[in-house]
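The structure appears right after this line, and notes come after that.
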Amino acid sequence: QLQASGGGLVQSGGSLRLSCKASRRIIGVMGWYRQAPGRQRELVASMTLPGQTTYADSVNGRFTVSRDNAGISVYLQMNSLKPEDTAVYYCNVWFGREIWGLGTQVTVSS
């Protein structure tokens, strides 16, 4: 199971931090996807346990993904938020099988 938190309403240019906690250590990839109304779900950022990161072009330089040393939690620090970042954000883990967390809404007002 994945427990995500940290979404909310913020003005353009503001920041939010999302957190997601797994029920056990994940030896694999943890990350975040998002889905805006009328659009497909897309990868935002992900991180392997050794620390390799992947970012969507649209968030590169503004968002930072990180994991705790225990390999249980993944975080998404979102800075310089834009209205187009508005979406439901989903925590995702992959370790030979894939698990999705419940989404958390992020709304950025202009």
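Any value given below was found using the heavy atoms of this structure, including those in side chains, with hydrogens, waters and symmetry copies removed.
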Per-pair distances, 0.1 Å, donor-acceptor, side chain in residues 4-23, under 3.5 Å, sequence neighbours excluded:
residue, atom, partner, partner atom, Å
Ser15, OG, Asn79, OD1, 2.9

Please say whether more than 12 non-hydrogen atoms of neighbouring residues, nucleotides or ligands are located less than 6.0 Å from CD in Glu42.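 Atom CD in Glu42 is packed in, count exceeds 12.
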
Is [Y] reachable from [X] through a run of I, L, V, M, F, W or Y residues, each pair having side-chain heavy atoms under 4.5 Å apart?
X     : Y     : value
Leu76 : Ile99 : yes
Val93 : Val44 : yes
Tyr55 : Leu81 : yes

Could you go through residues 67-74 and list every donor-acceptor pair under 3.5 Å that involves a side-chain atom there, pairing it with any protein atom two or more places apart or in another chain?
residue, atom, partner, partner atom, Å
Arg67, NH1, Gly28, O, 2.7
Arg67, NH1, Met47, O, 3.1
Arg67, NH2, Ile26, O, 2.8
Asp68, OD1, Gly71, N, 3.1
Asp68, OD1, Ile72, N, 3.0
Asp68, OD1, Ser73, N, 2.9

Partners of Arg62 by salt bridge (Lys or Arg N to Asp or Glu O under 4.0 Å), sequence neighbours excluded?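 Expected list: Asp85.
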
On a heavy-atom basis, which atom in [X] and which in [Y] lie closest, and how many Å separate them?
X      : Y      : result
Gly101 : Leu2   : N-CD1, 3.5 Å
Tyr90  : Leu102 : CD2-C, 4.1 Å
Ala45  : Val65  : CB-CB, 3.9 Å

In Å, rounded to the nearest 0.5 Å, how long is the span from NZ of Lys82 to OG of Ser110?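 Rounded to the nearest 0.5 Å, the NZ-OG separation comes out at 14.0 Å.
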
Hey, what do you get for CG (Asn92) to CZ (Arg41), rounding to the nearest 0.5 Å?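 One finds 8.5 Å between CG of Asn92 and CZ of Arg41.
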
For residues Trp32 and Phe63, establish whether the separation of their ring centroids is below 6.0 Å.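 Judged by ring-centre distance (under 6.0 Å), Trp32 and Phe63 do not meet the cut-off.
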
Between Arg34 and Tyr89, is there a side-chain donor-acceptor contact under 3.5 Å, judged purely by atom types and distance?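 Yes.
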
Between Gln52 and Thr54, does the side chain to side chain donor-acceptor pair (under 3.5 Å) criterion hold? Intermediate values first, please. CA-CA 7 Å; Gln52 184 175 15; Thr54 300; 5.9 Å; no

Test Thr86 against Gln105 for side chain to side chain contact (heavy atoms under 4.5 Å, CB included), laying out the working first. CA-CA 8 Å; Thr86 295; Gln105 177 70 46; 4.0 Å; yes

Would Arg24 count as a cation-pi partner of Phe95, with NZ or CZ less than 6.0 Å from the six-membered ring centre and within 45° of the ring normal?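 Yes, cation above the ring, under 6.0 Å and within 45°.
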
